[in-house]
Amino acid sequence: MKQMADVGFGMWKVAPEDCERVVMEAIKAGYRHFDCAADYGNEEAVGAGIRAAIEAGLVTREDLWITSKLWNTFHHPDHVEAACRKSLSDLGLDYLDLYLIHFPIALEYVPIETRYPPEWIFDPEADAPEMRRAPVPLHATWAAMEALVDLGLTHQIGVCNYNSGLLHDLMAYAVKKPSVLQIEAHPYLTQEKLIRLAGDYGLKVTAFSPLGALSYLELDMAKQGESVLTEPVVRDIADAHGKTAAQVVLRWGVQRGTAIIPKSSNPGRMRENLAITDFRLTDEEMAAIAALNANRRFNDPGVFCEQAFGLFNPIYD
Ligand code: A2P
């Protein structure tokens with residue numbers, strides 16, 4: 001069976017107008033695993049890049065691992081297949097390698113024809129725009145995800161942003177087991193217990209935002225001083241190996257057994273982020289980086305939903 005490469009490429013926040021170039025550059029740099037989502041608002045453009053790379057003879061569809069994600073407004077079993085088919089048609093694919101539930105948050109349905117991607121707010125044109133929860137239990141969404149595998153629309157299914165309680169519950173009702181748990185993880189949020197539990201249940205963990213704060217500076221969700229790349233311990237380890245601080249942090253992510261999905265729009269950094277297989281961190285170095293843990297979560301619905309969408313909606317607490 002096809003394996004998901006440990007270093008993938010994250011498409012979050014890649015502007016649609018840049019996607020075709022970025023996907024082509026990333027494939028030329030050696031990336032084969034692309035992490036996409038309906039909510040990133042760029043799947044059509046990503047699809048154009050994939051098609052261009054295949055037409056140029058750089059790769060075949062079989063060489064690629066394409067992940068996409070079910071958005072919150074499509075959790076009801078009546079909408080899961082249509083949402084998956086929309087991602088497939090935007091990406092120009094007839095199957096996904098992996099389809100994930102993006103958040104354990106069900107929001108009121110917004111038809112694809114009304115607005116796509118629907119994002120978080122039910123009706124942005126309303127006098128008082130608001131995020132609206134929908135009473136859809138996750139087990140019902142999961143059963144609809146399982147049906148996608150039977151239909152051949154995706155080879156594997158999984159979840160994102162689940163905590164350990166939700167994971168125990170999922171494993172109790174899943175007929176087809178999830179193969180991947182995708183969570184935020186980096187040296188400031190090491191998530192040891194959750195990663196260990198996922199491993200015990202046989203799931204591979206993918207770490208998003210593996211470089212930590214960098215991704216959140218432009219969103220005002222982190223401050224410059226929160227970059228793990230300036231930590232003296234990371235810099236010292238980088239110097240000792242003749243690698244960059246980013247390579248050390250990414251290597252730490254892979255060496256602890258997680259897949260990582262850094263994004264870069266810059267071809268030099270794309271190559272830099274892939275070039276992490278020719279060195280190994282010592283146990284002491286691994287521990288020193290893990291000791292930076294501060295349980296600092298940058299992507300927290302318990303914070304941003306209230307700030308941006310007017311609804312207090314924690315999921316990890
Ligand atoms: P850029 O695209 O200009 O390279 P994410 O955490 O979502 O993967 O985002 C990674 C962020 O870190 C992006 O802002 C990206 O900017 C930046 N970045 C990616 N790779 C590196 C690197 N090797 N060194 C420094 N910054 C990086």
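Being a predicted model, the structure only gives us computed values, none of them experimental. Only this structure's heavy atoms are used, side chains among them; waters, hydrogens and symmetry mates stay out. Remember, it's 1-based here, ligands and their atoms both numbered in the order they're listed.
- Contacts between Glu272 and ligand 1 below 4.0 angstrom, taking non-hydrogen atoms only, involve the side chain exclusively.
- Judged as a salt bridge (charged side-chain N to carboxylate O under 4.0 Å, His left out), the pairs with a partner in residues 102-119 (not counting sequence neighbours) are, in order, Glu108-Arg132.
- At a 4.0 Å heavy-atom cut-off, ligand 1 touches Asn273 through the side chain alone.
- Atom CD of Glu17 has more than 12 heavy atoms from other residues, nucleotides or ligands within 6.0 Å.
- Surrounding CZ of Arg271 are at most 12 heavy atoms belonging to other residues, nucleotides or ligands under 6.0 Å away.
- Sorted by first and then second residue, the salt bridge (charged side-chain N to carboxylate O under 4.0 Å, His left out) pairs involving residues 188-209 (not counting sequence neighbours) are Asp6-Lys204.
- Ligand 1 is approached by Pro262 to a heavy-atom distance shorter than 4.0 Å.
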_side-chain hydrogen bond (donor to acceptor under 3.5 Å, both in side chains) assessment of Ser209 paired with Tyr216_ = CA-CA 9 Å; Ser209 306; Tyr216 298 91; 2.7 Å; yes
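- Summary of contacts: the protein heavy atom closest to atom 24 (N) of ligand 1 is Arg269 CD, 3.6 Å.
- With respect to atom 8 (O) of ligand 1, the closest heavy atom belonging to the protein is Lys263 N, 2.7 Å.
- Ranked by closest heavy atom to atom 17 (C) of ligand 1, the top entry among Asn266, Asn299, Leu214 is Leu214.
- Under a cut-off of 6.0 angstrom, the local environment of CD in Glu218 is crowded, with over 12 non-hydrogen atoms contributed by other residues, nucleotides or ligands.
- For ligand 1, the polar-atom distance check finds no N/O of Ser209 at less than 3.5 Å from any of the ligand's N/O atoms.
- Summarising the contacts of atom 7 (O) of ligand 1 with Ser265, Ser264, Ala246, Ser215, the nearest heavy atom is found in Ser215.
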